[in-house]
Amino acid sequence: MAAYDVTDSAIKGYALVWQERRYLFKLAIFPLLIKFTCAMTVIINGLEFDFAKQALLMLPSYIADGWVMSHLVRLIYLDQRWPFRPSGHAQNDMAALRDRAGGIMGGTICFTLIEFLKTGYVGIFFNIMVPPGTTPGTMPPAVPPTDSPTSLVAAVLALGLMILTIWAVRYLWLYIPVAAGFSGRDYLKRVGGLVGSIRLLGAWMICAIPLLFSFILVISMLLAPFQTPQGLPPALDFLMNGLRVVVSMVAGLITTAGMASVIRSMYAEKA
């Protein structure tokens, strides 16, 4: 899978989401409400940094998101749209419905499990990086530099963890071949080694980073005059969190569309 194929396929995600924006809006509107409700529950209860409780509260959102993303994958690979439209031939319709239901259910379960484990991993990493007793968003106490063997071991472990994280990136999109009805094991073989994961990571950055960066930049500029030492006014804070949920859904759709195109090009090259 050449680098330019990754870039070209990832960019297709933007075009596809824009082209299918009306269908995706109808598909995602109810899951978006679920996502918003779960996210606001986490925020209202101050659980942004309690990742175990956050994962449990966000579980309905993960399931709803997985359902949407799985339907998008079926559209990209098999041109199947929701809701199911019977052809009038009962036997063929039942076979098609079973196949579609299997892909949607498998993709949804896989997506939910990935998001649940990802939240747990972020929690573990956060607890390692932020010392106990340190308030999130504040600088930890300065520690004098040391050249002790312990610090060297910690540095080596941190490097190893980073490499492992990059290698494991491939699993973030395992729900795509599962939703499409492909073999997950075959997908992992086609990704290859660490270089394959780096290419997938690059494709994800092309899909998600521009939208997320633009959102942060625009929101920061618009809300800067209203920012106080105590934070934003409640109404603006509510609006910002709502927009963040919408952008997260859009970024997920673009990423799924882009990565599905990348994975399809991967299969086409090594067929």
Side-chain angles (χ1 to χ4, degrees), residues 7 10-51 53-55 57-69 72 111 115 118-119 121-123 125-126 129-130 134-140 169 172 201-259 261:
T7 303
I11 291 176
K12 289 179 181 177
Y14 288 93
L16 189 142
V17 170
W18 176 254
Q19 180 182 348
E20 299 289 346
R21 60 191 182 278
R22 294 182 179 177
Y23 167 69
L24 293 176
F25 176 79
K26 293 187 293 185
L27 185 69
I29 185 63
F30 186 64
L32 186 61
L33 293 175
I34 296 176
K35 189 180 186 73
F36 176 77
T37 302
C38 293
M40 291 307 297
T41 302
V42 170
I43 293 169
I44 291 172
N45 289 279
L47 300 176
E48 295 93 326
F49 301 102
D50 190 337
F51 293 94
K53 292 180 181 178
Q54 182 184 141
L57 287 173
M58 291 297 294
L59 189 58
S61 173
Y62 298 155
I63 296 173
D65 284 356
W67 181 84
V68 172
M69 303 308 164
L72 177 56
F111 181 93
E115 290 297 309
K118 186 169 69 175
T119 303
Y121 179 82
V122 171
F125 190 78
F126 178 84
M129 296 299 296
V130 179
T134 302
T135 303
T138 63
M139 293 296 293
V169 156
L172 294 179
L201 184 61
W204 170 80
M205 294 176 68
I206 294 171
C207 292
I209 295 300
L211 177 63
L212 298 177
F213 179 78
S214 299
F215 171 73
I216 294 172
L217 182 63
V218 171
I219 288 297
S220 299
M221 293 174 58
L222 292 177
L223 297 182
F226 306 97
Q227 189 74 37
T228 66
Q230 292 75 32
L232 291 171
L236 285 179
D237 189 55
F238 180 85
L239 177 61
M240 186 190 68
N241 288 317
L243 290 174
R244 185 183 292 124
V245 170
V246 173
V247 170
S248 174
M249 175 65 80
V250 175
L253 291 170
I254 293 173
T255 300
T256 296
M259 298 308 296
S261 297

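Numbers here simply count residues along the sequence, with the first being 1.
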- Message: Give me the atom names and distance for the closest heavy-atom approach of Tyr62 to Phe111.
- Response: O-CD2, 3.4 Å
- Query: Can you tell if the side chain of Leu24 reaches within under 4.5 Å of the side chain of Leu27, non-hydrogen atoms only?
  - Reply: yes
- Kindly compute the distance separating CD1 (Ile216) from CG (Leu211), expressed to the nearest 0.5 Å. 10.0 Å
- Message: Run the side-chain contact (heavy atoms from CB on, under 4.5 Å) test on Leu33 and Phe36 for me, step by step, so that the C-alpha distance in whole Å, both residues' side-chain angles and the decisive distance to 0.1 Å come before the verdict.
- Response: CA-CA 5 Å; Leu33 293 175; Phe36 176 77; 5.6 Å; no
- Query: How close do Met205 and Pro210 get, heavy atom to heavy atom, and via which atoms?
  - Reply: O-CD, 3.3 Å
- Item | Nearest atoms (heavy-atom pairs only) where Met249 meets Met69 | SD-CE, 4.0 Å
- Task: Go through the steps for Asp237 and Met240 under the test side-chain contact (heavy atoms from CB on, under 4.5 Å), then give the verdict.
- Result: CA-CA 5 Å; Asp237 189 55; Met240 186 190 68; 3.8 Å; yes
- Gap separating the CD1 atom of Ile206 from the OG1 atom of Thr255, nearest 0.5 angstrom: 11.0 Å
- Query: Do other residues, nucleotides or ligands put more than 12 heavy atoms under 6.0 Å from the OH atom of Tyr23?
  - Reply: yes
- Pairwise distance CD(Glu20) to CZ(Arg22) - rounded to 0.5 angstrom: 11.0 Å
- Message: To the closest 0.5 Å, what do you measure between NZ (Lys53) and OG1 (Thr41)?
- Response: 14.0 Å
- Task: Could you tell me which non-hydrogen atom of Leu16 sits nearest to which non-hydrogen atom of Leu72, and how far apart they are?
- Result: CD2-CD1, 3.8 Å
- Note on the structure: Rounded to the nearest 0.5 angstrom, the CE-OG1 distance for Met58 and Thr37 is 10.0 Å
- Has the side chain of Ser248 got a donor or acceptor atom that lies under 3.5 Å from a matching backbone atom of Arg244? no
- Determine, step by step, whether Asn241 and Val245 satisfy the side-chain contact (heavy atoms from CB on, under 4.5 Å) criterion, reporting the C-alpha distance in whole Å, the side-chain angles of both residues, the deciding distance to 0.1 Å, and the verdict. CA-CA 6 Å; Asn241 288 317; Val245 170; 5.8 Å; no
- Query: Nearest 0.5 Å, what's the CD1-CZ distance between Ile44 and Phe238?
  - Reply: 8.0 Å
- Task: Can you see which heavy atom on Lys12 is nearest to which on Ser261, and at what distance?
- Result: CB-OG, 4.0 Å
- Item | Criterion side chain to side chain contact (heavy atoms under 4.5 Å, CB included) against Ser61, the qualifying member of Asp65, Leu59, Leu57 | Asp65
- Closest approach of Gln54 to Glu48 (non-hydrogen atoms, all atoms of both residues): NE2-O, 3.0 Å
- Message: Using a 3.5 Å distance criterion without hydrogens, assess whether the side chain of Tyr14 forms a donor-acceptor pair with backbone atoms of Cys207.
- Response: yes
